[in-house]
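A quick write-up on the structure given underneath.
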Amino acid sequence: MNANFASFLYLVSGILFILALRGLSHPTTSRQGNLYGMIGMGIAIATTLALAVPSAGGFGLIVLGLLIGGSVGAVTARRIAMTSMPQLVAAFHSLVGLAAVMVAAAAIYAPESFGIGTVADIHAQALIEMSLGVAIGAITFTGSVIAFLKLDGRMSGKPIMIGGRHFINIALGVALVVLIVLLVTTESKLVFWLIVAASLVLGVLLIIPIGGADMPVVVSMLNSYSGWAAAALGFTLGNLALIITGALVGSSGAILSYIMCKGMNRSFISVILGGFGGETAAATDDGIERTVKQGSADDAAYLMMNAQKVIIVPGYGMAVAQAQHALREMADKLKANGVDVKYAIHPVAGRMPGHMNVLLAEANVLYDEVFELEDINSEFAQADVAYVIGANDVTNPSARDDKSSPIYGMPILDVDKARTCLFVKRSLGSGYAGIDNTLFYKDGTMMLLGDAKKMTEEIVKAMDH
Amino acid sequence: MNANFASFLYLVSGILFILALRGLSHPTTSRQGNLYGMIGMGIAIATTLALAVPSAGGFGLIVLGLLIGGSVGAVTARRIAMTSMPQLVAAFHSLVGLAAVMVAAAAIYAPESFGIGTVADIHAQALIEMSLGVAIGAITFTGSVIAFLKLDGRMSGKPIMIGGRHFINIALGVALVVLIVLLVTTESKLVFWLIVAASLVLGVLLIIPIGGADMPVVVSMLNSYSGWAAAALGFTLGNLALIITGALVGSSGAILSYIMCKGMNRSFISVILGGFGGETAAATDDGIERTVKQGSADDAAYLMMNAQKVIIVPGYGMAVAQAQHALREMADKLKANGVDVKYAIHPVAGRMPGHMNVLLAEANVLYDEVFELEDINSEFAQADVAYVIGANDVTNPSARDDKSSPIYGMPILDVDKARTCLFVKRSLGSGYAGIDNTLFYKDGTMMLLGDAKKMTEEIVKAMDH
Amino acid sequence: MDQTLQKALDQLDQASAAVRLAVQNLATAPGTEAAGDAAHALSGGAIDPFVFRFAIFVLAIFVGYYVVWSVTPALHTPLMAVTNAISSVIVVGALLAVGISASGIATGFGFVALMLVSVNIFGGFLVTQRMLAMYKKKDK
Amino acid sequence: MDQTLQKALDQLDQASAAVRLAVQNLATAPGTEAAGDAAHALSGGAIDPFVFRFAIFVLAIFVGYYVVWSVTPALHTPLMAVTNAISSVIVVGALLAVGISASGIATGFGFVALMLVSVNIFGGFLVTQRMLAMYKKKDK
Ligand SMILES: NC(=O)c1ccc[n+]([C@@H]2O[C@H](COP(=O)([O-])OP(=O)(O)OC[C@H]3O[C@@H](n4cnc5c(N)ncnc54)[C@H](OP(=O)(O)O)[C@@H]3O)[C@@H](O)[C@H]2O)c1
Ligand SMILES: NC(=O)c1ccc[n+]([C@@H]2O[C@H](COP(=O)([O-])OP(=O)(O)OC[C@H]3O[C@@H](n4cnc5c(N)ncnc54)[C@H](OP(=O)(O)O)[C@@H]3O)[C@@H](O)[C@H]2O)c1
């Protein structure tokens with residue numbers, strides 16, 4: 001295939017990826033967008049095969065690799081529970097990171113195949129680009145593995161603080177720069193692997209001190225990294241699809257990190273420096289005796305069936321309990337009874353941006369009943385009941401009223417403005433931020449202590465009486 | 001200067017232009033944005049001079065040209081009345097179009113200076129790109145001149161319909177394609193000038209049948225054309241700044257045309273085909289006797305001074321009458337009296353997008369008192385008085401209620417929902433769309449017949465009593 | 001403008017054209033393996049700059065689309081003025097024609113273009129500045 | 001993988017390097033007028049593809065910025081999944097290594113990369129599809 005035409009096709013593939021993301025601006029166009037993404041990937045693969053026609057053996061290997069990887073991927077995609085999306089995304093990022101390292105290694109061992117020179121005579125520019133790609137790729141790899149382990153609960157979410165880690169990180173960073181210079185001058189394979197090793201270690205050290213609950217920001221940041229790694233290799237290979245995609249993915253991750261930090265009213269730096277949000281802290285005890293009104297499923301059913309307007313506020317606990325289906329059933333009952341039911345989603349409810357939306361969608365909740373914070377917050381004042389299920393921090397009024405609170409300034413859902421506020425959770429314990437929620441002790445609040453799913457199912461049953 | 005570095009600087013200049021437009025997303029960042037634009041232009045000019053160091057004579061000529069053009073531009077910019085912005089923009093577009101033709105001509109006569117080959121041996125690709133640039137440039141030139149003449153009232157706004165003009169246009173289009181092929185094969189200067197001539201005629205023929213009131217859409221479309229012409233020449237010259245800027249300007253013009261068409265609920269095609277909106281048509285007389293309540297400046301002053309909330313709706317007539325300063329004075333009086341005053345701007349009020357905003361800003365109206373249609377339309381129901389000054393079509397309820405109306409579907413400002421609606425205009429005549437406004441005959445409406453500026457000044461005086 | 005300069009230019013151009021032809025021949029010479037072609041292509045060495053420019057053009061259209069949609073309607077008039085001003089970056093062409101042109105007539109065209117476009121540059125940015133300076137907010 | 005192929009490649013590369021050097025020397029040869037340089041530069045012939053790629057990269061960042069901000073928050077989780085899927089376009093590197101690599105070890109690395117990345121391609125797009133299929137609207 002003509003090289004110019006191939007470049008043109010790579011551009012087309014990059015444009016299709018842009019259109020894929022553009023499609024996500026609305027649910028109706030999103031499936032189309034995903035299709036564009038698939039077509040773009042198909043074009044990139046077909047173009048590469050047509051440009052550099054593989055030998056018969058090579059072709060066999062390619063088919064084999066695609067088959068093995070593809071079936072693992074397809075099965076995973078089909079089986080994975082929607083609640084495990086954060087882990088899945090972290091795991092997938094680690095694969096991209098490792099693949100970037102492998103591609104760079106292949107390029108070092110067979111530069112001719114990539115058109116970047118010959119063994120021991122690789123263009124300096126290509127070497128620089130490549131070593132940036134490999135370093136970022138390796139950091140993405142180990143970083144994502146740690147994030148995966150923490151999110152999946154296979155490793156304690158507690159921040160692991162190694163003494164002098166800032167010093168070690170800086171030293172590793174300096175070492176990386178030196179090694180890259182060495183690689184450009186000597187082109188030694190040993191140096192290449194040293195870069196890989198240093199970056200792998202750095203990836204671990206960067207992520208280990210960050211608490212489990214901050215992992216979503218980390219995952220998004222690693223997403224961004226994997227984009228920059230791809231772009232760096234795109235420069236080496238002179239591949240437009242890689243450059244464009246790398247930039248897209250890089251921006252995307254960075255913006256999502258920013259959105260999460262803003263939603264939590266924290267600075268990105270404070271997240272990255274780590275040490276925040278390990279195990280749920282105990283509720284602070286300020287010595288004042290406070291009373292809590294506790295209710296039963298029957299009370300809740302009665303209250304809601306006689307309401308005109310109910311707003312449901314899901315949070316992380318709903319995901320943990322997998323309560324979305326029971327919740328939908330409850331909403332159906334209410335709607336059949338003429339109650340106006342809406343869902344209010346806080347930008348950082350759950351453990352991943354948009355997490356609650358996916359879960360509700362899974363339970364067949366129609367997306368035009370689901371509203372964002374800005375669009376629904378003024379409606380709580382007119383609501384009879386706010387049904388808060390497994391959410392906590394995102395409703396905490398101290399973020400609005402108490403200047404000394406660590407989450408002060410974070411926008412919250414004004415559930416306290418509803419006539420009655422029902423709180424489904426297992427205890428009076430705090431949420432991810434480890435802050436006591438004063439709402440539990442308010443007059444209009446009724447606590448429904450128990451597992452989110454069980455409690456909701458009981459309420460549904462009680463509604464039938 | 002190194003060619004790579006120069007290309008890099010051209011890229012920087014393109015990026016600065018992007019940032020210039022980005023700055024316009026908010027009034028507070030807009031001045032900064034304009035500054036970025038100036039810096040970008042400075043970089044582009046400096047880079048070109050450093051890359052292709054001119055001879056002493058050439059340098060002298062350059063300074064002379066910049067001085068002459070620059071002073072004309074600066075004086076114009078300082079003197080021009082804000083109400084004449086549409087004309088000014090049209091006139092400026094014609095300059096860009098003509099300049100594109102001139103640059104292309106220079107390139108044909110001295111291709112070496114542009115690095116596109118030698119006389120009689122210019123690269124075919126450069127010739128194609130160039131002839132596209134020159135054709136679009138020439139169309140932009142004459143088209144903008146016609147638009148300027150119509151907007152400035154130096155030519156009748158009436159659509160001039162030449163018999164068989166669609167046929168002539170198509171014939172010219174075909175001729176252009178043939179001429180471009182001829183140019184590429186023969187590289188004859190005669191053919192080049194024939195292309196210029198055909199395009200100049202086409203520009204006139206395309207715009208002449210379009211009514212004066214549709215000129216804003218045309219101006220924006222020509223803005224878009226001038227962008228594409230710049231981009232085409234950018235390809236010829238291999239200049240990144242030109243390519244990026246051309247694409248930006250091209251998109252910008254197209255989007256603004258689209259916004260205007262949507263604001264008027266008309267299709268772009270119907271605008272381009274022309275024949276709409278010449279002289280203001282006479283009010284349709286359906287034989288039914290209708291009564292109009294007419295009021296005086298004293299009535300208006302009394303009504304507004306005793307109101308709690310007044311919403312001011314400016315339109316084209318305010319611009320014609322230059323009533324913005326008097327209007328501001330009136331609003332100040334009202335505010336001093338404790339009345340809540342807001343301004344509501346329809347997307348196509350006036351004769352240019354954003355036209356009313358500039359005029360109000362000129363009269364020192366603060367931009368946070370000025371609201372867009374979607375943001376204020378629901379407030380009319382709570383307003384005591386809607387003060388409609390020189391606006392007409394954008395308030396016509398038939399666009400909302402009467403399916404047979406030619407403007408049916410166009411979003412309007414719901415001034416009829418205000419308790420009282422004051423209408424300042426000179427007669428019961430219609431506006432740009434030539435459609436009778438049923439609002440004049442409504443109970444809650446009071447007509448204040450007279451020139452917008454004089455009437456407003458009288459009201460101000462009456463308020464002092 | 002200058003006879004010797006023109007000659008030098010002509011010669012340079014012919015020479016470089018010859019070299020470019022040689023490179024092209026080399027790249028498309030029969031017997032070169034597909035892999036070699038591919039490798040070369042991937043390194044970007046053989047790719048026509050047009051492809052890159054086209055990519056830049058397409059991406060800039062996307063950027064333009066989004067940037068312009070993000071402009072607040074209140075500033076649409078200044079937007080028209082400022083896009084007009086920046087489209088006069090075509091001045092680079094005029095500068096080349098005036099500054100280093102080898103033919104008198106081309107210099108003439110260039111000079112006219114330069115004058116026209118300078119009107120735009122100064123007029124466009126200054127009128128925009130004048131407009132923008134008028135937009136004011138409460139409490140300042 | 002193939003000795004002769006590798007040799008051919010080496011030779012091709014050396015030859016083209018030599019030509020490129022010649023072109024460069026020509027361009028920077030003393031006595032060449034500034035005008036010639038400029039003309040050449042403006043035609044884009046002498047511009048390093050890196051500059052173009054960098055331009056494309058920068059513009060793509062702008063596009064990415066705007067495109068991602070326009071994604072509705074309700075679809076942020078699918079967004080993470082789909083960006084993950086498209087970042088596996090790095091597969092083009094793996095394909096080169098496996099398909100036409102001249103060294104066994106590079107083929108090995110390429111094969112591993114290919115497998116990993118295929119997991120992502122299929123997994124990423126399919127899981128996104130699965131999620132998106134769940135988003136439903138009233139009245140259908
Ligand atoms: N979404 C994101 O992108 C993102 C990213 C980073 C950080 N975060 C953080 O995550 C938090 C999200 O807020 P949130 O309100 O959704 O959650 P939260 O504040 O973490 O609260 C979750 C609550 O759910 C309850 N819960 C846990 N398991 C449950 C079960 N099986 N049944 C019933 N209740 C259960 C817990 O209380 P009990 O233990 O008493 O049951 C807990 O208080 C915010 O602080 C946010 O900053 C979010
Ligand atoms: N803004 C844009 O971008 C744009 C673009 C294309 C088309 N348009 C069209 O322009 C129209 C704009 O609507 P509009 O409501 O602003 O204006 P309009 O409907 O054209 O009405 C303007 C009114 O102002 C009155 N008027 C004229 N001179 C006056 C003076 N000196 N003092 C007082 N009144 C005076 C006229 O009535 P009298 O003769 O009775 O005084 C006329 O009815 C829409 O139809 C729109 O579609 C706008």
Side-chain angles (χ1 to χ4, degrees), chain A residues 17 21-22 24-25 27 30-31 34 37-38 44 48 52 54 58 61-62 65-66 68-70 72-74 76-77 85 89 92 95-96 98-99 102-103 105-106 109-110 112-113 118 226 230 235 239 241 243-245 247-249 251-252 255 352-355 357-358 361-362 366-368 372, chain D residues 9-10 13 53 56-57 60-61 63-65 67-68 70-71 73-77 79-80 82-84 86-87 89-90 92-103 105-106 109-123 125-129 131-132 134-138:
Chain A
F17 291 149
L21 299 194
R22 191 173 141 68
L24 291 176
S25 62
S30 62
R31 268 151 282 186
N34 197 37
M38 294 186 205
T48 311
L61 271 182
I62 288 174
L66 278 173
I68 300 179
V72 172
T76 316
M85 281 310 297
V89 171
F92 277 178
L95 299 181
V96 177
L98 188 54
M102 290 287 150
V103 169
Y109 282 86
E112 315 84 0
S113 325
T118 53
S226 71
F235 274 92
N239 186 299
I243 295 178
I244 295 175
T245 314
L248 284 180
V249 176
S251 312
S252 162
I255 291 173
M352 188 179 195
H355 196 182
N357 302 77
V358 182
E362 190 195 8
L366 306 171
Y367 65 75
D368 36 11
E372 289 170 41
Chain D
L9 272 166
D10 286 7
D13 215 81
R53 295 204 189 107
I56 290 170
F57 178 66
I61 290 180
V63 175
Y65 175 86
V67 166
V68 172
S70 78
V71 171
L75 293 175
H76 275 161
T77 295
L79 172 67
M80 288 181 90
V82 89
T83 51
N84 182 264
I86 67 174
S87 67
V89 70
I90 203 165
V92 299
L95 288 177
L96 288 179
V98 180
I100 59 166
S101 168
S103 115
I105 187 156
F109 287 134
F111 186 69
V112 175
L114 179 62
M115 276 200 307
L116 296 175
V117 125
S118 320
V119 174
N120 249 31
I121 297 180
F122 287 81
F125 282 119
L126 288 180
V127 86
T128 310
Q129 198 176 38
M131 276 191 268
L132 293 178
M134 300 186 309
Y135 283 78
K136 283 183 211 82
K137 215 184 119 177
K138 221 173 282 189

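By convention in this document, chain letters (A, B, ...) are assigned in the order of the sequence lines, proteins followed by strands, and residues within each chain are numbered from 1.
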Per-residue contact mode, D:I61 against chain A (heavy atom under 4.5 angstrom):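 Answer is both: backbone and side chain atoms of D:I61 are under 4.5 Å from chain A.
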
Heavy-atom closest contact ([X] atom, [Y] atom, distance):
| X | Y | result |
| --- | --- | --- |
| D:L96 | A:A52 | CD2-CB, 3.6 Å |
| A:V96 | D:S87 | CG2-OG, 3.7 Å |
| D:Y135 | A:Y367 | C-CD2, 3.8 Å |
| A:G354 | D:H76 | N-CB, 4.1 Å |
| D:F109 | A:A105 | CD1-CB, 3.6 Å |
| D:S70 | A:S25 | O-CB, 3.1 Å |

Parallel, tilted or perpendicular: ring planes of A:F235 versus D:F57, cut at 30 and 60 degrees: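 Because their plane-to-plane angle is over 60°, the rings of A:F235 and D:F57 count as perpendicular.
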
Largest heavy-atom contact set with chain A, pairs under 4.5 Å, which of [options]:
| options | result |
| --- | --- |
| D:G123, D:A113, D:S118 | D:S118 |
| D:N84, D:V117, D:L126 | D:N84 |
| D:V67, D:V112, D:I121, D:V89 | D:V89 |
| D:T128, D:V82, D:I86 | D:I86 |
| D:N120, D:L116, D:I90 | D:N120 |

Please flag which part of [X] lies under 4.5 Å from any non-hydrogen atom of chain D: side chain, backbone, both or neither.
| X | value |
| --- | --- |
| A:I68 | side chain |
| A:S30 | both |
| A:M85 | side chain |
| A:I255 | side chain |

With sequence neighbours excluded, residues passing side chain to side chain contact (heavy atoms under 4.5 Å, CB included) with A:L61: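 Only D:V98, D:T107, D:F111 meet the side chain to side chain contact (heavy atoms under 4.5 Å, CB included) criterion with A:L61.
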
By side chain to side chain contact (heavy atoms under 4.5 Å, CB included) - contacts of D:M134 (at least two apart):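 Expected list: A:M82, A:V358, A:A361, A:E362, D:M131.
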
So which of [options] has the biggest tally of heavy-atom pairs under 4.5 Å with chain D?
| options | answer |
| --- | --- |
| A:V249, A:L95, A:N34 | A:N34 |
| A:G70, A:A230, A:A74 | A:G70 |
| A:T76, A:V72, A:V103 | A:V103 |

Donor-acceptor pair, side chain of A:S113 and main chain of D:A97, under 3.5 angstrom: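 Looks like no, no N/O pair under 3.5 Å.
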
Pair D:L75-A:N357, side-chain contact (heavy atoms from CB on, under 4.5 Å): steps then yes or no: CA-CA 7 Å; D:L75 293 175; A:N357 302 77; over 6 Å; no

Derivation and outcome, side-chain contact (heavy atoms from CB on, under 4.5 Å), residues D:T83 and A:L248: CA-CA 8 Å; D:T83 51; A:L248 284 180; over 6 Å; no

Spacing of CZ belonging to A:R31 relative to CG belonging to D:L132, to within rounding of 0.5 Å: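 One finds 6.5 Å between CZ of A:R31 and CG of D:L132.
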
Rounded distance [0.5 Å steps], CG in A:L98 versus CE in D:M115: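 Answer rounded to 0.5 Å: 10.0 Å.
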
